[in-house]
Amino acid sequence: MTPDRIMLTIPRDEGFESVAQLVLAGVAARLNFSYEVVDDLGMALATLLERREGDGELTVELEVGEDTVKAAIGPFGGVGLRAELERPDNGVGLRRVLETVVDSFATVEREGGDWIELEKRVQTESAK
């Protein structure tokens, strides 16, 4: 099966996070994801989108495979986000949230700055 790819580019302005959440929910409904998967991916996405800084646009890329969803969100500027993800988390910060809700995450340098890549294993409701 060839994975489905969805790309959404939104302004960094406040209020556009809900558009990204709506797209995620639509993909999840179409593929019959469990509530837990939708909730976990939504939390990861919301937590990252809260860290939008500056002007321009953010892109959310979703790649849906047979048993995984991969997401890439970016670009993020500066070193703050990368540093936050690389240091051990003693509280409820970004690193702790991502460790809790996705199976893996990484910061990668791509055009325009740092991108955060997420991966979540999924089981659809119909597969249970």
Side-chain angles (χ1 to χ4, degrees):
M1 175 178 138
T2 303
D4 291 332
R5 295 197 86 173
I6 297 99
M7 280 181 62
L8 172 68
T9 300
I10 58 174
R12 290 182 189 260
D13 300 337
E14 190 172 333
F16 284 93
E17 303 92 343
S18 58
V19 174
Q21 292 287 354
L22 184 62
V23 169
L24 176 62
V27 169
R30 180 178 154 253
L31 297 173
N32 206 21
F33 288 172
S34 69
Y35 174 77
E36 290 81 15
V37 167
V38 176
D39 192 44
D40 287 350
L41 288 171
M43 176 65 71
L45 183 60
T47 303
L48 286 167
L49 291 176
E50 286 174 1
R51 283 153 173 83
R52 70 192 181 288
E53 293 178 355
D55 298 324
E57 300 172 325
L58 274 175
T59 298
V60 178
E61 300 174 355
L62 297 173
E63 183 177 300
V64 182
E66 206 166 303
D67 59 355
T68 60
V69 174
K70 296 178 182 179
I73 299 101
F76 294 95
V79 295
L81 190 63
R82 181 181 289 270
E84 186 176 353
L85 288 172
E86 290 176 352
R87 73 174 171 263
D89 198 352
N90 296 325
V92 182
L94 177 60
R95 183 181 180 92
R96 175 71 57 89
V97 169
L98 294 181
E99 287 174 339
T100 302
V101 299
V102 296
D103 295 304
S104 66
F105 62 91
T107 307
V108 296
E109 182 141 349
R110 289 173 44 179
E111 186 177 335
D114 286 336
W115 286 65
I116 308 303
E117 294 182 346
L118 312 171
E119 185 170 340
K120 176 79 175 171
R121 286 186 293 278
V122 298
Q123 181 176 8
T124 62
E125 287 294 328
S126 59
K128 287 185 174 180

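Starting from 1, each residue takes its place in the sequence as its number. As a basis for the values below, the full set of heavy atoms in this structure was taken, side chains included, without hydrogen atoms, waters or symmetry mates.
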Do you know the tightest heavy-atom contact between [X] and [Y]?
{"X": "Ala44", "Y": "Val102", "answer": "CB-CG1, 4.0 Å"}
{"X": "Phe16", "Y": "Ile10", "answer": "O-CD1, 3.6 Å"}
{"X": "Arg82", "Y": "Glu109", "answer": "NH2-N, 3.9 Å"}
{"X": "Ala28", "Y": "Val38", "answer": "CB-CG2, 3.2 Å"}
{"X": "Pro75", "Y": "Gly113", "answer": "CB-N, 3.9 Å"}
{"X": "Leu24", "Y": "Gly42", "answer": "CD2-N, 3.5 Å"}

| said: Whether the side chain of Asp114 engages the backbone of Thr107 through a donor-acceptor N/O pair (distance < 3.5 Å, no angle test) should be reported. | reply: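 Not confirmed, Asp114 side chain does not pair with Thr107 backbone.
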| task | State whether the side chain of Glu84 and the backbone N or O of Leu94 hold a donor-acceptor pair below 3.5 Å, judged by distance alone. | result |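 Side chain of Glu84 to backbone of Leu94, a donor-acceptor pair under 3.5 Å: yes, one is there.
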| said: If you count heavy atoms of other groups shown closer than 6.0 angstrom to CD of Glu86, is the number above 12? | reply: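 Check passes, neighbour count above 12.
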Measuring from [X]:[atom1] to [Y]:[atom2], what's the distance to the nearest 0.5 Å?
{"X": "Asp13", "Y": "Leu58", "atom1": "CG", "atom2": "CG", "answer": "10.5 Å"}
{"X": "Asp4", "Y": "Glu66", "atom1": "CG", "atom2": "CD", "answer": "11.5 Å"}
{"X": "Lys70", "Y": "Ser104", "atom1": "NZ", "atom2": "OG", "answer": "8.5 Å"}
{"X": "Glu14", "Y": "Glu50", "atom1": "CD", "atom2": "CD", "answer": "10.5 Å"}

How would you list, by chain and number, every residue that makes a salt bridge (Lys or Arg N to Asp or Glu O under 4.0 Å) with [X], sequence neighbours excluded?
{"X": "Arg110", "answer": "Glu61, Glu117"}
{"X": "Asp39", "answer": "none"}
{"X": "Lys120", "answer": "Asp40"}

Would you indicate whether the side-chain heavy atoms of [Y] and [X] approach each other to under 4.5 Å?
{"X": "Gln21", "Y": "Leu45", "value": "yes"}
{"X": "Ile116", "Y": "Leu118", "value": "yes"}
{"X": "Val101", "Y": "Leu41", "value": "no"}

| field | salt bridge (Lys or Arg N to Asp or Glu O under 4.0 Å) contacts touching residues 17-26 (sequence neighbours left out) | value |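 Every pair satisfying salt bridge (Lys or Arg N to Asp or Glu O under 4.0 Å) with a residue in residues 17-26: Glu17-Arg52.
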| query | Quick one: hydrophobic cluster around Trp115, which other residues, with the 4.5 Å side-chain cut-off, linked directly or via members? | reply |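 Members other than Trp115 - counting any ILVMFWY side chain reachable under 4.5 Å - are Val108.
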| said: Which residues end up grouped with Leu22 if you chain together Ile, Leu, Val, Met, Phe, Trp and Tyr wherever their side-chain heavy atoms are less than 4.5 Å apart? | reply: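 Direct or chained contacts put Leu22 with none.
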| field | hydrophobic_cluster_shared for Ile73 and Val19, side chain cutoff 4.5 Å | value |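 Yes, Val19 and Ile73 fall within the same hydrophobic cluster.
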| query | Are Ile6 and Phe33 in one and the same hydrophobic cluster, where Ile, Leu, Val, Met, Phe, Trp and Tyr link if side-chain heavy atoms are under 4.5 Å apart? | reply |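 Looking at the clustering, Phe33 is in the same group as Ile6.
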| field | Residue pair Leu62, Arg5: steps toward the side chain to side chain contact (heavy atoms under 4.5 Å, CB included) verdict | value | CA-CA 6 Å; Leu62 297 173; Arg5 295 197 86 173; over 6 Å; no
| message | Applying salt bridge (Lys or Arg N to Asp or Glu O under 4.0 Å) to Arg121 and Asp103, what does each step give before you reach the verdict? | response | CA-CA 7 Å; Arg121 286 186 293 278; Asp103 295 304; 3.3 Å; yes
